[in-house]
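Notes follow once the structure below has been shown.
Atom set for the values below is all heavy atoms of this structure, side chains included, hydrogens, waters and symmetry mates excluded. Every chain is numbered from 1, with letters handed out A, B, ... down the list of sequences.
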There are 2 protein chains.
Amino acid sequence: MPPRRRSPTDATESRSALLAATQRLMLEEGYAAVSSRRVAAEAGVNVALVYYYFDNMDELFIALYRHGAERNLERVEQALEDPQPLWRLWELTYDFSTNALAMEFMALGNHRRAIKAEIAAYSRKLRTLQIERFTSILEGYGVDLQRWPAASLILVMLGTSRFLQLEESFDVEIGHADTVAVIERQIRDLEGERQPVSKVATISLRRSS
Amino acid sequence: MPPRRRSPTDATESRSALLAATQRLMLEEGYAAVSSRRVAAEAGVNVALVYYYFDNMDELFIALYRHGAERNLERVEQALEDPQPLWRLWELTYDFSTNALAMEFMALGNHRRAIKAEIAAYSRKLRTLQIERFTSILEGYGVDLQRWPAASLILVMLGTSRFLQLEESFDVEIGHADTVAVIERQIRDLEGERQPVSKVATISLRRSS
DNA sequence: GTCTATAGCTGGATAGAC
DNA sequence: GTCTATCCAGCTATAGAC
């Protein structure tokens with residue numbers, strides 16, 4: 001393919017195009033494929049613009065991470081307002097693209113300090129929120145929190161779904177259906193049959209803010 | 001540091017040195033740090049030797065993966081012979097270096113076909129073995145396998161421990177102690193207090209082969 | 001804001017001497 | 001088996017014209 005040229009009228013969309021291209025590349029070819037040249041070509045933009053909009057490649061990654069993190073936090077908050085927060089959490093973490101991107105960032109953060117710090121800060125914030133809210137939700141369900149602390153249920157769900165997805169991206173699916181069935185049965189025991197996302201929740205969220 | 005020179009007498013240890021250096025680099029700095037030049041320097045060996053012993057970098061990675069995979073398979077088989085196989089599986093997957101390396105390989109395999117295929121093949125083989133053996137082990141414990149298929153217990157354990165470790169490598173540990181406590185309580189319910197690795201198991205394994 | 005041009009580095013891989 | 005030398009590609013980042 002020839003590099004996509006933007007129409008001359010789309011002004012300072014370049015920054016967004018670079019972010020979008022970075023995400024696309026990370027998902028399709030892994031973070032190692034994201035070089036200034038490739039991301040620029042993919043965005044249909046000149047290489048030098050990468051350094052005009054971002055101090056360096058790390059900053060580009062961090063900008064993308066923050067953007068995704070904010071969106072994800074909003075989705076989690078919305079899920080927590082839903083009448084079936086466990087079902088929503090499960091759906092959220094079983095969403096492929098979110099998860100795959102998170103994995104790429106973790107692999108990337110593994111050897112880049114600035115990115116590592118960013119991920120750690122966000123993860124702590126998110127986890128704290130999840131535990132706090134699920135503690136009262138599960139209490140409402142009559143769960144014995146001494147035996148089953150909210151943190152343990154959340155981490156088991158997150159860990160399992162991430163692991164299943166990781167394996168699935170390698171076309172390994174042995175035992176997955178059994179595992180999903182067990183987890184969904186446990187959720188059903190607490191929240192009943194899964195219902196579609198409640199629109200009421202979104203409205204009440206708006207009302208309360 | 002100056003590159004470590006080997007004593008002139010150590011003959012064809014170069015190959016092993018390269019493999020060891022690759023593993024060290026992957027663990028300490030991530031797979032992206034493994035270049036032919038760096039791995040050669042780290043092993044105290046000339047760059048050209050990398051291509052003498054391995055067709056290309058992918059083959060070097062695959063050779064290292066196979067070596068680790070074989071060793072791991074042996075350890076799993078030994079764990080399955082132990083009187084407390086669940087405890088042993090838990091310990092094995094909660095071992096840091098095994099896990100960290102596996103993660104690096106997965107990130108690497110994510111965008112290198114040859115490596116991806118290697119990981120997939122090994123994972124399927126390992127999972128099949130684990131499910132087969134744990135099905136009869138759990139049956140012996142009186143577990144209701146309809147409600148709790150062996151695969152689901154194994155995958156939840158593996159997924160959770162991997163996730164906890166991943167987070168811990170980012171210094172995020174919120175809720176981890178609670179989660180570990182819950183899982184270890186469940187194991188204790190089935191296998192009693194954790195005992196040190198049984199030597200008898202190793203002997204009986206030898207006898208039966 | 002966008003581009004060209006370029007410096008300076010690191011990478012994979014090979015040819016050929018010893 | 002081991003080494004030197006080398007080719008060529010791709011990368012980050014900057015200077016400076018427009």
Measure up the Y65(B) and Y122(B) rings against each other and bin them: parallel (under 30°), tilted (30 to 60°), perpendicular (over 60°).
perpendicular
Rounded to the Å, how far apart are R15(B) CZ and dT2(D) C1'?
17 Å
Proximal nucleotide (of dT12(D), dA13(C), dG1(D)) relative to the L49(B) side chain
dG1(D)
F61(B) CZ to dG11(C) P, in whole Å, measures 12 Å
Euclidean distance, atom CD of residue E29(B) to atom C1' of dT10(C) [Å, nearest integer]:
14 Å
Please report the distance, rounded to the nearest Å, between CG in D55(A) and C1' in dT14(D).
13 Å
Expressed in angstrom and rounded to an integer, what is the separation of L60(B) atom CG from dG11(C) atom C1'?
15 Å
R66(B) atom CZ, over 12 foreign heavy atoms within 6.0 Å
no
Considering only side-chain heavy atoms of A48(B), which listed nucleotide, dT4(D), dC3(C), dT14(D), is closest?
dT4(D)
Protein-nucleotide distance (L18(B), atom CG; dG12(C), atom C1'), rounded to Å:
15 Å
Between H111(A) and Y31(A), what is the ring plane arrangement, given parallel below 30°, perpendicular above 60°, and tilted in between?
tilted
Counting just side-chain N and O atoms, does Y51(A) come under 4.0 Å of either OP1 or OP2 of dA13(D)?
yes
Within 6.0 Å of CZ in R71(B), more than 12 heavy atoms from elsewhere:
no
Flag if over 12 foreign heavy atoms under 6.0 Å of CZ, R194(B)
yes
Pairwise 5' ranking along DNA chain C for R37(A) and Y52(A), keeping only the more 5' one:
Y52(A)
Could you state the CE-P distance from M57(A) to dC9(C), rounded to the nearest angstrom?
20 Å
Taking only the side-chain nitrogens and oxygens of S36(A), find out if one of them lies under 4.0 Å from OP1 or OP2 of dT12(D).
yes
Per N56(A) side chain, nearest of listed nucleotides dT4(D), dG12(C), dA13(D):
dA13(D)
side-chain N/O S35(A) vs dG10(D) OP1/OP2, d < 4.0 Å:
no
Minimum-distance nucleotide (side-chain atoms of S14(A) versus dG1(D), dT4(D), dT2(C)):
dT2(C)
Phosphate oxygens OP1/OP2 of dG1(C): is one of them under 4.0 Å from a side-chain N or O of N46(A)?
no
